[in-house]
Peer 1: 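Starting off with a structure, shown below.
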Amino acid sequence: HAAPAATASHTGHHLWPIAAKPAVHTEGLRRAAILMRGEPFRWGDDLEGRRAQANVYATIRSRVIDPLSTSYGFAYLLAVDERRGYSDGLYLRLLEYVGSIPAVFLRVKTSTQAENYREAVAAGWPGMQDADVVFVFRHDVSIQRAIHSWGCPPL
């Protein structure tokens, strides 16, 4: 994959939209945003590291997105902490993991979880600001149980 062109948000942060993704039918659905934060590919950029990263996204799909897909249209903000210095090509591999769900990238270089989250929120991504519900997940944490078993109020 080639790195997409960046566009500046109204806050001056640079977001990399992924325009080549197929449109997802969301008419009549509430909006849900998924903020992925932290360092992707913590397991490395070899085959095992890529498999582990793909598994995180697969568990989000099967345990959060799929159970809510009749009520919500989803979009991803992939806040990528670049401190490991991987290539654009590796970061763009995340697109394979989100599948047909619309996504934008935000590059961040912060030293704490709180700063990483704050930077993602401060970017002013309309997908998150306009969402009815926002999920925040780390790039390195798999979801173990389906959302309906989390004990939170029905969405």
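Since we're looking at a predicted model, the values are computed, not measured.
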Peer 1: Heavy-atom distance under 4.5 Å between the side chains of Trp150 and Val64, does that happen here?
Peer 2: yes
Peer 1: For the residue pair Pro67 and Ile147, what are the closest heavy atoms and their distance?
Peer 2: CB-CG2, 4.1 Å
Peer 1: Just how far is it from atom CD1 of Ile65 to atom CD1 of Ile60, taken to the nearest 0.5 Å?
Peer 2: 7.0 Å
Peer 1: Taking only residues two or more places apart in sequence or in another chain, which ones pass side chain to side chain donor-acceptor pair (under 3.5 Å) with Ser62?
Peer 2: none
Peer 1: Output all residues satisfying side chain to side chain contact (heavy atoms under 4.5 Å, CB included) with Asp45, sequence neighbours left out; order by chain, then residue number.
Peer 2: Tyr86, Leu90
Peer 1: Residues two or more places apart in sequence or in another chain: which of them pass side chain to side chain contact (heavy atoms under 4.5 Å, CB included) with Ala33?
Peer 2: Trp125, Met128, Ala131, Val134
Peer 1: Under 3.5 Å, side chain of Gln53 to main-chain N/O of Phe41, donor-acceptor pair present?
Peer 2: yes
Peer 1: Is there a side-chain contact between Met36 and Tyr57 (heavy atoms, below 4.5 Å)?
Peer 2: yes
Peer 1: Just by distance, do the side chain of His139 and the backbone of Ala79 share a donor-acceptor pair under 3.5 Å?
Peer 2: yes
Peer 1: Does anything in residues 49-71 form a salt bridge (Lys or Arg N to Asp or Glu O under 4.0 Å)? List the pairs, not counting sequence neighbours.
Peer 2: Glu48-Arg51
Peer 1: Just say parallel, tilted or perpendicular for the rings of Tyr72 and Phe74, cut-offs at 30° and 60°.
Peer 2: tilted
Peer 1: Contact between Leu68 and Val133 at the side-chain level, heavy atoms closer than 4.5 Å - yes or no?
Peer 2: no
Peer 1: Can you list the residues that meet the ring pair (Phe, Tyr, Trp, His ring centres under 6.0 Å) rule with Tyr117, with sequence neighbours excluded?
Peer 2: none
Peer 1: If we ignore hydrogens and angles and just use 3.5 Å, is the side chain of Asn116 paired with the main-chain N or O of Gly38 as donor and acceptor?
Peer 2: yes
Peer 1: Mind checking what makes side chain to side chain contact (heavy atoms under 4.5 Å, CB included) contact with Ser71, not counting sequence neighbours?
Peer 2: Arg30
Peer 1: Measuring only between side-chain heavy atoms, which start at C-beta, is Phe105 closer than 4.5 Å to Leu94?
Peer 2: yes
Peer 1: Can you confirm whether or not the ring centre of Tyr97 sits under 6.0 Å from the ring centre of Tyr76?
Peer 2: no
Peer 1: So, using side chain to side chain donor-acceptor pair (under 3.5 Å) as the criterion, who are the partners of Glu115 when residues are at least two apart?
Peer 2: Ser111
Peer 1: Any non-hydrogen side-chain atom of Val98 less than 4.5 Å from a side-chain atom of Leu78?
Peer 2: yes
Peer 1: Might you point out which heavy atoms bring Pro40 and Val80 nearest each other, and give the distance in Å?
Peer 2: CG-CG1, 3.8 Å
Peer 1: Look up atom CG in Leu77 and atom CZ in Arg37, then write down how far apart they are to the nearest 0.5 Å.
Peer 2: 12.0 Å
Peer 1: Which pairs with one or both residues in residues 126-150 pass salt bridge (Lys or Arg N to Asp or Glu O under 4.0 Å), sequence neighbours excluded?
Peer 2: Arg42-Asp140, Arg138-Asp140
Peer 1: Which atoms form the tightest heavy-atom contact between Ala120 and Leu35, and what is the distance?
Peer 2: CB-CD1, 3.6 Å
Peer 1: Are Asp88 and Arg107 side-chain neighbours, meaning at least one heavy-atom pair lies under 4.5 Å?
Peer 2: yes
Peer 1: Got Asn55 and Trp43 here, is their nearest side-chain heavy-atom distance under 4.5 Å?
Peer 2: no
